[in-house]
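Chain letters run A, B, ... following the sequence lines, proteins first and then strands; every chain starts at 1.
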Amino acid sequence: MNATAIPPAISAWFEQNARDLPWRREGFSAWGTLVSEFMLQQTPVTRVIPRLTEWLERWPTPADLAAVPPGEAVRAWASLGYPRRALWLHAAAVQITERHGGIVPEDVDELLALTGIGDYTARAVAAFAYGHRHPVVDTNTRRVIARAVTGQGEPGPPSRRDLDAMAALLPDEPVAAAVFNAAIMELGAIVCTSRSPRCDVCPVREACAWRAAGYPEYAGPKKAVQKKFEGSDRQVRGLIMAELRATHHPVTAAEIEGLWADAVQRDRALAGLVADGLAVPVEPGLYALSQG
DNA sequence: GAAGCGTGGTG
DNA sequence: TCACCAAGCTT
């Protein structure tokens with residue numbers, strides 16, 4: 001097996017091994033695809049599925065979401081994490097309703113112009129919802145290419161050049177391209193994983209440059225270490241947001257004081273949430289999710 | 001380009 | 001146990 005055999009081998013494996021996921025069901029809407037991609041940004045599949053199902057039952061179209069206050073989106077986001085995504089998804093729904101007649105656009109540049117949509121999500125929607133031929137590059141794709149094609153244990157830092165590397169592997173035919181985009185992500189998600197890759201069941205083991213090189217240790221620039229969550233501003237923000245989501249009335253400054261002892265850090269976290277639009281001071285000393 | 005942004009599962 | 005990891009985006 002040589003390098004040119006990698007894409008068809010991965011796609012063939014995918015046809016047999018793809019997980020049964022909601023966004024792969026026949027007739028799943030473009031809006032559903034967009035919502036799922038927002039939720040999947042840094043949140044695992046198993047945690048996304050229940051929230052996605054509820055979300056689409058409640059807001060089956062962009063206009064349905066655009067019609068409610070942003071704070072409702074933040075509440076429905078629940079504990080998926082990074083709640084700014086809920087705000088951005090709501091903003092995107094408003095923009096889709098106003099600019100695109102309520103139809104999720106299929107043009108990558110129009111998608112990129114929506115709040116909260118970047119290189120990955122724009123191309124994922126164009127490819128998976130509309131069948132257009134674009135390279136879709138996420139962290140799984142970058143890892144598989146780094147190993148199987150480049151022969152390194154880990155991808156380097158994300159770069160626009162990743163799109164070119166993926167484009168070079170992409171089948172010409174749009175449907176085959178969309179399948180391969182999904183297939184290489186899936187391989188990275190369940191076989192060519194970050195921590196303990198299951199090379200014994202990998203469909204491109206015989207062509208893998210990393211394996212051929214004897215699994216050399218990654219020597220490139222190190223990933224920035226994720227800061228400890230315990231005691232971080234993120235933790236304080238999370239506590240305040242959980243309180244705002246839990247109550248259906250404004251939260252008092254006194255209640256927020258009870259969530260975290262360090263006043264300096266607490267005030268910094270709250271000010272950050274206000275700056276982000278996640279918390280709104282409805283009057284001095286009273287905070288709520290965005291109602292407008 | 002680097003930093004900041006949640007939450008929960010896992011090896 | 002705890003560091004690492006998870007379909008990224010914005011500033």
**Request:** In plain terms, say whether A/R123 and A/D119 are close enough for a salt bridge, that is, a side-chain N and a carboxylate O under 4.0 Å apart.
**Result:** yes
**Message:** Distance check, P atoms only: B/dA3 and C/dC4, in whole angstrom units.
**Reply:** 16 Å
**Asked** How many Å lie between CD on A/Q265 and P on B/dG4, as a whole number?
**Response** 13 Å
**Request:** Determine yes or no for a side-chain-to-main-chain donor-acceptor pair under 3.5 angstrom, with A/R85 supplying the side chain and A/M39 the backbone.
**Result:** yes
**Prompt:** What integer distance in Å separates A/D233:CG from B/dG6:C1'?
**Reply:** 13 Å
**Asked** If the C1' atom of B/dA2 is compared with that of C/dA7, how far apart are they to the nearest Å?
**Response** 22 Å
**Item:** Contact nearer the 5' end of DNA chain B, comparing A/A224 with A/R237
**Value:** A/A224
**Request:** Measure the distance from CD on A/E230 to P on B/dG8 and round it to the nearest whole Å.
**Result:** 13 Å
**Prompt:** Base, sugar-phosphate, or nothing: which does A/F229 touch, judged by heavy atoms less than 4.0 Å apart?
**Reply:** base
**Item:** C/dC2 OP1/OP2 closer than 4.0 Å to side-chain N/O of A/K228
**Value:** no
**Request:** Determine, using the 4.5 Å side-chain heavy-atom cutoff (strictly less than), whether A/L34 and A/F128 are members of one ILVMFWY cluster.
**Result:** no
**Item:** Pair A/T141, A/D138: side-chain N/O donor-acceptor within cut-off below 3.5 Å
**Value:** yes
**Request:** With P as the reference atom in both, quote the distance from C/dT10 to B/dG8 in angstrom, rounded to an integer.
**Result:** 24 Å
**Request:** Figure out the CD/C1' separation between A/Q235 and C/dC2, and round it to whole Å.
**Result:** 15 Å
**Prompt:** B/dG6 P sits how many Å from A/F38 CZ, rounded?
**Reply:** 16 Å
**Request:** Could you check A/S159 against A/D162 for side chain to side chain donor-acceptor pair (under 3.5 Å), going step by step and ending with a plain yes or no?
**Result:** CA-CA 6 Å; A/S159 156; A/D162 299 335; 4.8 Å; no
**Asked** Taking protein heavy atoms under 4.0 Å as touching, what does nucleotides 6-11 of chain C look like 5' to 3' if B marks base contact, S marks sugar-phosphate-only contact and - marks none?
**Response** BBBSS-
**Prompt:** Pick the nucleotide of DNA chain B nearest each of A/S196 and A/A78; which residue has the one closer to the 5' end?
**Reply:** A/A78
**Asked** Going by an N to O cut-off under 4.0 Å, is there a salt bridge joining A/E110 and A/R99?
**Response** no
**Message:** Classify A/P83 by what it touches in the nucleic acid, base, sugar-phosphate, or nothing, heavy-atom distance under 4.0 Å.
**Reply:** sugar-phosphate
**Message:** Could you check whether any side-chain heavy atom of A/I256 comes within less than 4.5 Å of a side-chain heavy atom of A/E243, counting everything from C-beta outward?
**Reply:** no
